[in-house]
Amino acid sequence: MIQENINLKQHNTFGIEVNARRFATFSSIEELRSLLSEKNDDSLLILGGGSNILFTKDFNGLVIKNEIKGFEIVDETEKFVHVKVGAGEVWHEFVLKCIELDYGGVENLSLIPGSVGASPMQNIGAYGTEIKDIFIQLEAYKIDTGEIHIFNNEDCEFGYRESVFKKSLKDQYVIVSVTYRLTKEHLINSNYGAIENELTKRGITHATIRDISDSVIAIRSSKLPDPKKIGNAGSFFKNPIVDHKIVKEIAKNYHQFPHYPAPNGKVKLAAGWLIEQAGWKGKTFGNFGVHKLQALVLVNYSESKGDEIYDLSTRIITSVKEQFGITLEREVNII
Ligand code: FAD
Ligand code: EPU
């Protein structure tokens, strides 16, 4: 059923008050098909958990929220289990279920907000793992034809916070299910410095997937604001990937700064560090600002407007550009 003039505050983790002219949820492909038959000429927004979106104005169209559920084992070998998951499942609930069943591969991605269906959109990643590492395929509904298409790992053109669905196939598909390859014999990935430190603190030498999940949850909770308390959408910007000569330039003025090897001889810098050096960390402007523990996260303390936060992001981009000659790119989807 399509509702009119719905407040989206509860549907975006920034907690921005905007209205959707029309709003509906769907929990099956049939319901999705029927909703889209009533789309008419309206613009369309597909919503999962709303944890990677900044609304800067009312949405003058149809918002459809994915609530397709499901968790099905579609293949199993001695070492692996292939699980097909409904796109409307909550990502972290899926992770916890995997830990409970002793299926490995997603533990480093614990506590990322949002839906399973959005996980391939930007190839979610954290603490040394990206979704592309465990992704087999997804099913997606083509909006203009109503056909279901299957995309394998290569088809998705995954990159750092990128996929084909943000580029050449933007706004063309609704992802309805994702199939992941999970392990029964686990490959523990504790290389990320913060995880190693947390395990040492806990006195753990042989970590299980549950230990990794618990550690990641502890690390994240210690520095990322909980959207239930402070509105935010995680990292607002991507970490910039630059040529080595830029690193040399920065090294002239700073003895130590975080940087990591990236593909094709490039280097990934920490946007949080750049923003902190530019003096923005913890800055508050009335009811919004830059988080005090993580400069990459912009926050809405209460009732701020999306365009105020967007303007702040523009000022940050300008100031980092002036100081370091690097142009930060927004990671959050701006509507
Ligand atoms: P939404 O915000 O609802 O949508 C995001 C985009 O995907 C929109 O363009 C939307 O139209 C589209 N979309 C959503 N579902 C579908 C679908 N089924 N079919 C087609 N298009 C769809 N991200 C990381 O990668 N790593 C992190 O560590 C991380 N940490 C975070 C921490 C916090 C506190 C927060 C608030 C966010 C964090 N994020 C992180 C960002 C966010 O959690 C992810 O991008 C997540 O995958 C978004 O899921 P969602 O369902 O909320 O997507
Ligand atoms: N740093 C600072 N100041 C800050 C923030 C960070 O100096 O205010 C430095 C840290 O000290 C560290 C480095 O920057 O040396 C990296 O920081 P952190 O480990 O917190 O990770 P990040 O690069 O800021 C990325 C992702 C996160 C993901 C974490 C963990 C992006 C854009 N962000 O953050 O993803 O959870 O790594 O893997 O790649 C998200 O996408 O929303 C998100 C939260």
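We count ligands from 1, going down the list as the structure has it; atoms in each ligand are counted the same way.
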| query | Going by heavy atoms, is K223 under 4.0 Å from ligand 2? | reply | yes
| Which atom names give the shortest non-hydrogen contact between L199 and S215, and what distance separates them? | CD2-OG, 3.5 Å
| message | As an exercise, identify every atom of ligand 2 less than 4.0 angstrom from a heavy atom of K281. | response | 3 (N), 4 (C), 8 (O)
| Face-on cation placement of K268 at Y160 ring, 6.0 Å and 45° thresholds | yes
| request: Say whether D211 and H206, considering side chains only, have a donor N or O and an acceptor N or O under 3.5 Å apart. | output: no
| query | Hey, does the side chain of K84 reach the backbone of V178 with a donor-acceptor pair shorter than 3.5 angstrom? | reply | no
| field | Charged N-O contact under 4.0 Å between R22 and E4 | value | no
| query | Is there any N or O on L47 that sits under 3.5 Å from an N or O of ligand 1? | reply | no
| field | Contact atoms of ligand 2, heavy-atom distance to A126 under 4.0 Å | value | 36 (O), 38 (O)
| Will you find, in the side chains of S27 and E31, an N or O donor that is under 3.5 Å from an N or O acceptor? | yes
| query | Does ligand 2 have any atom sitting under 4.0 Å from a heavy atom of Y260? | reply | yes
| task | Only heavy atoms count here, so choose which of K166, M121, Q122 is nearest to atom 21 (N) of ligand 1. | result | M121
| F151 ring center within less than 6.0 Å of Y173 ring center | yes
| field | Close-contact set for ligand 1 against A126 heavy atoms, below 4.0 Å | value | 28 (O)
| said: Give the atom numbers and elements of ligand 2 that come within less than 4.0 Å of a heavy atom of Y160. | reply: 31 (C), 32 (C), 39 (O)
| task | Kindly determine whether I143 and I46 satisfy side chain to side chain contact (heavy atoms under 4.5 Å, CB included), including the steps that lead there. | result | CA-CA 11 Å; I143 293 168; I46 304 142; 4.2 Å; yes
| What atoms in ligand 1 come closer than 4.0 Å to a heavy atom of N333? | 5 (C), 6 (C), 8 (C), 9 (O)
| said: Any non-hydrogen side-chain atom of I175 less than 4.5 Å from a side-chain atom of M121? | reply: yes
| note | Nearest non-hydrogen contact to atom 22 (P) of ligand 2 from the set K268, H291, Q294 belongs to Q294
| field | Heavy-atom gap R220 to ligand 1 smaller than 4.0 Å | value | yes
| message | I'd like to know if atom 11 (O) of ligand 2 has any protein heavy atom within a distance of less than 4.0 Å. | response | no
| message | Could you check whether Y180 and S119, counting side-chain N and O atoms only, form a donor-acceptor pair closer than 3.5 Å? | response | yes
| field | Worked verdict on E331 versus Q122 for side chain to side chain contact (heavy atoms under 4.5 Å, CB included) | value | CA-CA 9 Å; E331 193 230 68; Q122 69 156 6; 3.3 Å; yes
| message | On a heavy-atom basis, I'd like to know which of L224, N232, L109 is closest to atom 34 (C) of ligand 1. | response | N232
| said: Could you tell me if R315 sits above the aromatic ring of F285, with its cationic atom closer than 6.0 Å to the ring centre and no more than 45 degrees from the axis? | reply: yes
| Do T13 and S51 have side-chain atoms, one donor and one acceptor, less than 3.5 Å apart? | no
| field | Distance filter under 4.0 Å to E276 heavy atoms, resulting ligand 2 atoms | value | 2 (C), 3 (N), 4 (C), 7 (O), 8 (O)
| Candidate with minimal heavy-atom separation from atom 27 (C) of ligand 2, of R220, K292, R161 | R161
| field | Distance filter under 4.0 Å to G234 heavy atoms, resulting ligand 2 atoms | value | 42 (O)
| Near N239, which atoms of ligand 2 are under 4.0 Å from a heavy atom of that residue? | 23 (O), 31 (C), 32 (C), 39 (O)
| query | Considering only heavy atoms, which of G125, A118, S51 lies nearest to atom 26 (N) of ligand 1? | reply | G125
| task | Determine, using ring centers only, whether F23 and H11 are less than 6.0 Å apart. | result | yes
| said: Side chains of R330 and T314: any donor to acceptor distance under 3.5 Å? | reply: yes
| said: Could you tell me, atom by atom, which parts of ligand 1 come under 4.0 Å of a heavy atom of A233? | reply: 35 (C), 36 (C), 37 (C)
| Element-labelled atoms of ligand 2 that are located less than 4.0 Å from some non-hydrogen atom of A270 | 13 (C), 14 (O)
| query | Which of these, L296, I112, V216, V299, has its nearest heavy atom closest to atom 39 (N) of ligand 1? | reply | I112
| Is the cationic atom of K97 (NZ for Lys, CZ for Arg) positioned less than 6.0 Å from the six-membered ring centroid of F71 and within 45 degrees of its normal? | yes
| note | Under 4.0 Å between heavy atoms, the region of Y173 that gets near ligand 1 turns out to be backbone
| Heavy-atom nearest neighbour of atom 40 (C) of ligand 2 within options G114, S235, G128 | S235
| message | Under a 3.5 Å distance rule, please check whether K305 uses its side chain to pair with a backbone N or O of E17 as donor and acceptor. | response | no
| task | Say whether E331 and ligand 1 are in contact under the criterion: heavy-atom distance to a ligand atom below 4.0 Å. | result | no
| Any chain of hydrophobic side-chain contacts (each under 4.5 Å) joining F257 to W280? | yes
| task | Distance to 0.1 Å, residue and atom name: give those for the protein heavy atom nearest to atom 21 (O) of ligand 2. | result | Y192 OH, 3.7 Å
| request: Using a strict 4.0 Å cut-off to heavy atoms of G114, name the atoms of ligand 1 that fall inside it. | output: 49 (O), 50 (P), 51 (O), 52 (O)
| message | Can you report which non-hydrogen protein atom sits closest to atom 1 (N) of ligand 2, along with the distance? | response | W273 N, 3.8 Å
| Which ligand 2 atoms are under 4.0 Å away from a heavy-atom of F237? | 32 (C)
| field | Residue I53 vicinity, atoms of ligand 1 by number, heavy atom under 4.0 Å | value | 2 (O), 4 (O)
| message | Side chains of N152 and Q137: any donor to acceptor distance under 3.5 Å? | response | no
| query | Strictly under 4.0 Å, does any heavy atom of F257 approach an atom of ligand 2? | reply | no
| What do the steps show when you test F55 against L8 for side chain to side chain contact (heavy atoms under 4.5 Å, CB included), and what is the final call? | CA-CA 9 Å; F55 286 102; L8 295 178; 3.7 Å; yes
| field | Heteroatom proximity flag, A295 to ligand 2, N/O under 3.5 Å | value | yes
| Polar-atom distance check: K238 versus ligand 2, any N or O pair below 3.5 Å? | no
| message | Closer than 4.0 Å to some heavy atom of N66 - which atoms of ligand 1 meet that? | response | 18 (N)
| Which residue supplies the protein heavy atom nearest to atom 47 (O) of ligand 1, what is that atom called, and how far is it? | I124 CG2, 3.2 Å
| Nearest-neighbour protein heavy atom for atom 9 (C) of ligand 2, which is reported as residue plus atom name and distance | P258 CG, 4.0 Å
